[in-house]
S.K.: 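My questions will all concern the structure given below.
Just so we're on the same page: letters track the sequence lines, and every chain starts at 1. Below, each value reflects all heavy atoms present in this structure, side chains not excepted, and no hydrogens, waters or symmetry copies. Predicted, not measured: the structure shown is a model, and the values here were computed from it.
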Amino acid sequence: MGKERVAIVGIGQTKHQSTNDGSIAGVVRTAARRALGDAGMTWSDIDAVVIGKAPDFFEGVMMPELYLADALGAVGKPMFRVHTAGSVGGSTAIVASDLIASGIHERVLTVAFEKQSESEAMWALSVSMPFQPPMHAGAGGYFAPHIRSYMARSGAPDHIGILVALKDRLNALKNPYAHLHEEGITFDSVKDSMMLWDPIRYSETCPSSDGACAMVLTNEAGGDAAAAAGRAPAWVKGTALRSEPTMFAGRDQVNPQGGQDCAADVFAQAGITDPLREIDVVEMYVPFSWFEPMWLENLGFAPIGEGWRYVEDGVTQMTGELPVNCSGGVLSSNPIGASGMLRFAEAAMQVRGQAGEHQIDGARTALGHAYGGGSQFFAMWVVGADKP
Amino acid sequence: MRDVAVVSFAQTHHAREVSDINEVEMLMPLMGEALAGSGIPKDRIDFVCSASSDYLAGQPFSFVMSLDAFGPWPPISESHVDMDGAWALYEAWVKMQMGKTDVALIYAYGKSSPGDIRRVLSRQMDPYTVGPLWLDPVSMAALQARVGLEAGTFTVEQMAEVVARNRRAGATNPYAQLGGEVDPAALLAEPEFVAPLRKHDCPPITDGAAVVVIAAGDAARELSDRPAWIRGIDHRIEAHALGLRDLTRSVSTEQAAARAGVADGPVDLAELHAPFSHQELIIGDALGLADGVDVNPSGGPLCANPIMTAGLIRIGEAATRISRGGGDRAVAHATSGPCLQQNLVCVLEGE
Amino acid sequence: MSDVTLPASLQGVEPVKSIRTPARLDYVYTAGRASSRFLHNVANKRLVGQRCPVCHKVYVPPRGSCPTDGVPTEEDVELAHTGTVTSFCVVNVAFMGTLMEIPYVGALILLDGSDIPIMHLIQEVPYDQVHSGMRVEAVWVPDDEIGPTLESIRHFRPNGEPDASFESYKDNA
Amino acid sequence: MSSTAGAPTGGDVLKAPNVIEYPFSRTTGPVIGAFMTGMREGIIVGIKGADGRVIVPPQEYDPVTAEELTEIVEVGDAGVVTTWCWVNEPLTDQPLDRPFAWAMIRLDGADTDLVHAVDTDGDQAVMATGMRVKARWLPARPADVDTEADGGTSAGSDDSGYRVGHILDIACFEPEGVPE
């Protein structure tokens, strides 16, 4: 990390839903105002604003930070826009953290959003370009072969994906902000849902959501002040980014090197040598259920080929040794640009003890994880209840 | 702040249309020039940050494949902004302030030729009350120019002088798209384009790209004989709606200039990302530049204006002049958004 | 969200809650030199990849650069029209823009002589018989329909050879 | 949806048309919604800023204090041109397809300017800063015309020729005093 310790002192998010009836600014603003309120701050307390979202085509507004400057109280301040595909919510939070860690600013507001209902995810994600090899099957069709490769390599049985989806959707029932609240969901209802991109079933895929997430980050003095006021901060113990080429000969898309390196880097910064034991809770970017066992291995929580056994043994349940996605995760809410920041924010909520019904008692150290593109962009942070 | 300097800069030969190559093919030679050409091993790069816009390419996630031009293997620490490359440089500079990043590569690219750039940029506006009108950036600049002209902030003669000076400078810049000797009086005899602007008051439509390498402390001294040190850098934004701003001023440039310390010493040269002639006068005022400052010795955006890139090029041009001994203290400026909504100011110095 | 106070003239009238703002932008897309060269070869029923001078891997479709080494690729390598399925997915969703009858199979196919699989369709075999290691061959559209597009290959189909060993495609599995 | 990749054209380097097109549907929230409701009713509204000035079109958040703004107020549909420019060759989709002016217009009762097109029958000489202009509205939708096509409250530039709750319910502005 840098010169200054970084504390997360305010977190806010919208209720994620298929259509939010506010304006684009209204959606972003709602999360930002909640984060400010949580931090006990007003707009004038903020030094700089960092905003992230996925492609501008989703809302049909080019460089929307320009239009959103007023809504985020950024007039007269630095305003910064990040876009790193699906990992963007995570990389946006890291830019905000860097602005504090470097000593440049004291209090930074960071926001990420997507208002997918303005257009349609399937459209914006699969614009067919001339001369490109035809995309025969959309995002699920891109990832399904990699999942099949994982199953072949590890010998994982078909029901693992169902278990993950069931767990995340049940966890979502404890999160009032989650998009999907499927009260009657069962193993069989997931199993019987339509097989879209074999082996991916309908209930094993993420929804398309409108939503936003925001955080207020401060330096050590700000974190200490929050603690003194009885609002426990989360402390940033490490941040890391990694990217690798989208397509190259011999690329391992099941266990990408970029993810391994990113995890190794962030754990080293946080002084973590045995992640399974030392991390109390994980918010992991899992848009298709099978990515949970794949990322368990990629991040070093499980030996190669064993991730699915952790799922089967209940390790990642809220009652397990390593609870994963207590919020319901991306499988229950997916405002794309915000999804990565939600992982980072939910990790911080856990170590602040403010996760409500989906709180893991005594969580002291948490990992927030985001990835994007064809699993080639990674962003992660480790946050803790204790000052690093 | 940690000392960080620009140590290498490469740019394309800017042109109206570079349609026979894609973005990777455009960027890859520049990466080679900025690294190998300056004797910088690729494995010295700790961080890469890029800038581009999907709306220029007409393709979502258009930046994803452009990273191939660098060859990010083994995996690298990397980020991307949907802003001008000057802001990508800012993100890299911030990383360096944290202490562990010593050398960073920044690249930016923009091809305006695939679409109708005026219509494309109209998508930047508030999507409810302005976007549906398809109000374009040339028209907005023209509205701004008339405000300044009628308020007496500047004159058409001054605007023509700006154009003539930039074109003259552009003739000396092998990378510029436009350049040559023009008579200001002859310029004023040209017909109006979007009145009160004439065509020459507007930037050319440009395809282009640029790469900048920055390095901290000893690494900078090792990689460059005369690094151009970033002594101050800051950026600020204003309200979005034109009706909420005083269009004759650039308040955000004034704010960024104060933070970056422009007034802390004499300025030898300035590279201003003022796409329209009258905007150079507005930005010059906002920076408080004295008479005699060499403004846009490269010819500036009036001679080549690759969108998402032209601001980064200003930093590269200013730094190159410092490194070659063409000045001791320079100001580089970048802008984004309608009528100078957002501005970045960077102060560069030699040793 | 805060409530607003309305002037008398707007009180009691049905509020507008959403608007439509259609937008169309026209672009000209360029394939670039490397892709164009590849596609012109496809139009002549040839699959020509490019080898990286540093890592010696053969890329198809070539993009003119090696994504891991960041150097231009210039050496052409003629590839077979046969390959091995490294992984696949059975598609049961009527995806926009395709006229395929579902279910159908999208597969990653490692063309013989190349080092990176391409994504294409597998047909002429029941979908539930497609498997990794399956040997397949390209089925081209009729000569008068062939053009500079990968869709000139209508699909791939089993070519009757025994399955490839896992060893032969493990780097791309 | 539509993104259409057209047929390639000749030459060594392949090029093809690529169209990015979508009928974006935008929920408005209460402030923008009030402005659009006014449009449909043939009324222009602004909003009171934190400093008391009337901002048109209404902003959801104060540009200085960043606080929520809530007090919608009606302003006139005529006002004064504060700056303008002249467009000889309109771009596709702009409000008029013959030469026209863009203008910033200080509507009666407003303290900030609205941007819109001004139609002078193609005559640039008519334009002047300080001139008065008034809105040229589309007609209200007659009661017997179906309004349910867009779900009732979903308005847009639907080419019906009637006001639906959209900035283009004002076709353009025109010099005040032009006979109807």
Side-chain angles (χ1 to χ4, degrees), chain A residues 19-23 26-27 29-30 33 57 60-62 117-120 122-123 126-153 194-202 205 244-254 376, chain C residues 1 17-18 21-23 27-32 35-36 38-39 52 55-59 61 63 66-70 85-93 95-98 100 103-108 114-121 127-128 131-132 148-151 166 170-173:
Chain A
T19 305
N20 181 308
D21 61 11
S23 63
V27 173
R29 170 86 174 193
T30 298
R33 191 164 37 76
F57 285 134
V61 185
M62 180 183 184
S117 66
E118 305 271 310
S119 66
E120 185 184 344
M122 285 286 262
W123 170 72
S126 58
V127 170
S128 66
M129 301 301 296
F131 315 118
Q132 303 294 308
M135 278 263 292
H136 289 294
Y142 179 86
F143 288 113
H146 307 317
I147 291 170
R148 188 176 291 279
S149 292
Y150 172 73
M151 295 167 78
R153 276 192 211 178
M194 187 178 171
M195 188 66 90
L196 297 179
W197 300 279
D198 195 350
I200 303 174
R201 292 174 178 81
Y202 175 75
T205 66
E244 65 184 51
T246 307
M247 292 184 281
F248 63 90
R251 175 159 187 244
D252 187 342
Q253 301 215 52
V254 172
Q376 77 273 37
Chain C
M1 207 169 293
K17 292 179 175 168
S18 80
T21 61
Y27 296 88
V28 174
Y29 183 83
T30 179
S35 295
S36 296
F38 171 75
L39 293 168
C52 170
C55 67
H56 307 298
K57 299 289 187 189
V58 174
Y59 278 89
R63 294 179 44 82
C66 173
T68 54
D69 295 301
V85 172
T86 67
S87 193
F88 64 98
C89 127
V90 181
V91 181
N92 283 301
V93 57
F95 186 69
M96 291 174 310
T98 73
M100 303 294 300
Y104 63 89
V105 176
L108 291 168
S114 76
D115 291 297
I116 188 164
I118 61 169
M119 185 100 184
H120 219 296
L121 302 166
Y127 72 90
D128 54 0
H131 55 273
S132 296
T149 161
L150 262 182
E151 289 172 275
F166 181 69
K170 69 171 168 50
D171 285 347
N172 288 291

S.K.: Less than 4.5 Å to any heavy atom of chain A: does that hold for the side chain of C:A31, its backbone, both, or neither?
M.R.: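 Both parts, heavy atoms under 4.5 Å.
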S.K.: Of the backbone (N, CA, C, O) and the side chain (C-beta and beyond), which part of C:T68 lies under 4.5 Å from a heavy atom of chain A, both, or neither?
M.R.: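 The answer is both parts of C:T68.
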S.K.: If you round to the nearest 0.5 Å, how far is CD1 of A:I200 from SG of C:C89?
M.R.: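 Output value for this atom pair is 7.0 Å.
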S.K.: Out of A:R148, A:Q253, A:H146, which residue meets the side chain to side chain contact (heavy atoms under 4.5 Å, CB included) rule with C:L108?
M.R.: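 Testing each of A:R148, A:Q253, A:H146 against C:L108, the sole residue satisfying side chain to side chain contact (heavy atoms under 4.5 Å, CB included) is A:H146.
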S.K.: Can you find a pair of side-chain heavy atoms, one from A:P145 and one from C:M119, that are under 4.5 Å apart?
M.R.: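 Touching, per the 4.5 Å side-chain cut-off.
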S.K.: Any chance you could measure C:S87, atom OG, to A:R153, atom CZ, to the nearest 0.5 Å?
M.R.: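 If I round to the nearest 0.5 Å, the distance is 9.5 Å.
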S.K.: Is chain A contacted by the side chain of C:Y29, its backbone, both, or neither, given a heavy-atom distance below 4.5 Å?
M.R.: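 For C:Y29, backbone and side chain are both near chain A.
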S.K.: Could you tell me the separation between the SG atom of C:C66 and the CZ atom of A:F248, rounded to the nearest 0.5 Å?
M.R.: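 One finds 9.5 Å between SG of C:C66 and CZ of A:F248.
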S.K.: At a 4.5 Å cut-off on heavy atoms, which part of A:M247 comes close to chain C: side chain, backbone, both, or neither?
M.R.: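 For A:M247, backbone and side chain are both near chain C.
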S.K.: Is there side-chain contact between C:K17 and A:D21, with heavy atoms separated by less than 4.5 Å?
M.R.: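 No, their side chains stay 4.5 Å or more apart.
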